[in-house]
Amino acid sequence: MTAQPASRKPGQPVDLIAENKVRSPFDNAWREFRRNRLAIVGAVIVILTVVAAFVAPIITPYDYYTQNTRESRAKPLTGYNISETHAEECTWYGTPLEWGCAIYLTGSDALGRDLYSRMIYGTRVSLAVAFVGSTVALAVGIVLGTISGYFGGRVDNLIMRVVDFLYAIPLLPIIILMQVYFQALGRQGVTEGIAGSLLRLNQSMGGLLFLFIAIGVLNWIGMARLARGQVLAYKHKEFIEAAESVGSSQSRIIFKHLLPNIFGPLLIAETLAIPAYIFTEAILSFIGLGVNPPIPSWGSMINDGYAGIRSNSHLVLVPGIALTMLTLAFNFMGDGLRDAFDPKMRGRA
Amino acid sequence: MSKANGSSKVLVRVENLKKHFPITRGILFRRQVGTVRAVDGINMTIHEGETLGLVGESGCGKSTTGRSILQLHRPTSGKVYYEDRDLTEMEGDELRRARRNFQMIFQDPYASLNPRMTVEQIIAEPLEVHSIGNRKERHERVKDLMGLVGLNPSLNNRYPHEFSGGQRQRIGVARALALQPKFIVCDEPISALDVSIQAQVVNLLEELQEKFGLTYLFIAHDLSMVRHIADRTAVMYLGKIVELAERQELYNNPLHPYTQALLSAVPIPDPLKERKRQRIILKGDVPSPAHPPTGCNFNPRCPLAIDICRQEDPEWREITPGHWVACHVV
Ligand SMILES: Nc1ncnc2c1ncn2[C@@H]1O[C@H](COP(=O)(O)OP(=O)(O)O)[C@@H](O)[C@H]1O
Ligand code: SF4
Ligand SMILES: [Mg+2]
């Protein structure tokens, strides 16, 4: 690669003649992104978190559910006595463990479960919510927003009025009520009808089904508005008209001309919305309406620990720091992507 | 360049073309509160092989005229015949197939190319849409076209942002030529370019016209721009054509007060005549096409206006053969 003049600031155009190389808009954006340190840090944390979620069993010394009441609320690093002298007495991964010889890297919770292991497994819930939430929001939002913006008229009116309606009602309380209702049905042992099958599905997803529905419903609305706005911004551009004038069909115009241009900004907006999904899950789990125990979620872990925050602050700090790090990481990454792909937006909130 | 004469074939005929845009208010119950009369009753014929210039101030409806002729806007009323087939009656696939015959070159070379497509994809799109040739043949054709418009064919995989305005306009020309159309609407193709490269693009368009026998509707916002490319010129004011004549006739013998005012602003190359040139300064601004004046559209600004101008629309008349004008006092 040709050396970059050291004086180039982010956002300044690249000297094409000096570089003499075919470069797509994507290449330019990637260069811009790499120059942004915070964004790189964010992306690295996100990637590490994803890897951790996949290889959780390998990088944790314990599972997330085995209780050990004799070692409840152990302080971080207690029992950390693996050393050459004690090597025979203690074994690191698993079997068999002698009490007092446990390795609680970040301590244990009230039920004596290893906090570090639960924190690592907790990435799965947060990332599942981030991934499913953004996929649902993107898919539904882009489809409806594009239809609305491109075809206009009555369809547009209908979709946008539904969106306005959903905006106007406070969804979080409704989702909370829905969760409470289904949990009550579950306790009564309802197994028949739609409610029964929903409950079974929810059970098999560890209690995440309603969370997914809630987060999807909450967030496609914003995406639909954004997508519609983007479509309207591009619909009257001359290159769309040019495509029409050579005889392109409507579907070709939508898939070849509109979507490739609007998808990037929407994806970036979605990255910036992910912290909110992770927080919504944490809040619902915090008030006991999230995942089923003993599945660890950072929200429910904070809930488990916050009563004893003075004496055992690590019970809140460990999941709290993880939550903060991951949401910040998504924010930094999203900001970096936005700056890289849309220089006009640089520096805006 | 072939000159327009009475015997050459009529390629495009426009009859009483109107394009009105509704102005709407309200969200839930949308109602129409007014109309923008962007194009308000235009008649013209375009002969095979000629260049018809269309000149008028910004906002007078030139682009809307071009787009309505090509059915990029469906006209509110009126007829557009291309080789005796009425385009305004065509729909869907029939219209999309007919589009092979007439193309457009756009004003803004930055907005008219999709930033996410390479030059090759852009120029090949018309061929793909009409299923012309296979991938390899299309690739060859794109290279030919790039050479034809003066672009280096080896730059085919570059993206538009890597080109200058003039080069981008050449890409737009290549795209318009891909389907070998007969008729091209050039919507201010040089207005957005540096003065230094305007002539190059005009020369290119002239060369291509000669080579392929193209017919142009050449839109510009002042008379000096179409002076040497147009065979005949139409002058437009507030949605209507006020005067249409052959080039020499129009420049030497302008009849409509608006044309006279426009011409008085154009410097004359002859220094003797230039010294005697009197600028006619028009008073006031162009009225909004949403609220055109009654009678002649030009009457609030016209130095020659008489009573009847404020009541009746002047008729579109042929004063001498080939010289049309709409004015009560001519
Ligand atoms: N899509 C549209 N909707 C509403 N009004 C329009 C639209 N396109 C053009 N107009 C109006 O029509 C008039 C003529 O516009 P245009 O044809 O672009 O003028 P020109 O090309 O001569 O500058 C302007 O007043 C403009 O605001
Ligand atoms: S009709 Fe009357 S107002 Fe219109 S241009 Fe002629 S003289 Fe002027
Ligand atoms: Mg225009």
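All values reported here derive from a predicted model rather than from experimental measurement. Note on naming: letters A, B, ... go to the chains in the order of the sequence lines (proteins, then strands), and numbering restarts at 1 for each one.
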Looking at B:Arg74 and A:Glu244, does any basic side-chain N land under 4.0 Å from a carboxylate oxygen?
->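 So B:Arg74 does not pair with A:Glu244 through a salt bridge.
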
At what distance, to the nearest 0.5 angstrom, does [atom1] of [X] lie from [atom2] of [Y]?
X: A:Lys237; Y: B:Ser112; atom1: NZ; atom2: OG; value: 11.5 Å
X: A:Lys256; Y: B:Glu125; atom1: NZ; atom2: CD; value: 7.5 Å
X: A:Leu258; Y: B:Arg116; atom1: CG; atom2: CZ; value: 12.5 Å

State, yes or no, whether a side-chain contact exists between A:Asn261 and B:Pro115 at a heavy-atom distance under 4.5 Å.
->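 In short, these two side chains touch, coming nearer than 4.5 Å.
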
Do you know which two heavy atoms are closest between A:Gly247 and B:Val129, and how far apart they sit?
->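 Taking A:Gly247 first and B:Val129 second, the nearest heavy atoms are O-CG1, 3.1 Å.
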
Between B:His130 and A:Ser248, is there a donor-acceptor pair closer than 3.5 Å when you use the side chain of the first and the backbone of the second?
->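 No, the answer is negative, given that no donor and acceptor are paired below the 3.5 Å cut-off.
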
For residues 225-232 of chain A, run the donor-acceptor check on the side chains, cut-off 3.5 Å, and write out each pair with its distance to 0.1 Å, sequence neighbours left out.
{"residue": "A:Arg225", "atom": "NH2", "partner": "A:Asp164", "partner atom": "OD1", "Å": "2.5"}
{"residue": "A:Arg228", "atom": "NE", "partner": "A:Asp156", "partner atom": "OD1", "Å": "2.7"}
{"residue": "A:Arg228", "atom": "NH2", "partner": "A:Asp156", "partner atom": "OD2", "Å": "3.0"}

Should we count [atom1] of [X] as having more than 12 external heavy atoms under 6.0 Å?
X: A:Phe151; atom1: CZ; result: yes
X: B:Tyr81; atom1: OH; result: yes
X: B:Asp84; atom1: CG; result: no

For chain A, find its close neighbours in [range]: heavy-atom separation under 4.5 Å, sorted by number, or none.
range: residues 175-194 of chain B; value: B:Arg175, B:Leu179
range: residues 96-111 of chain B; value: B:Arg96, B:Arg99, B:Phe102, B:Gln103, B:Phe106, B:Gln107, B:Asp108, B:Ala111
range: residues 56-64 of chain B; value: none

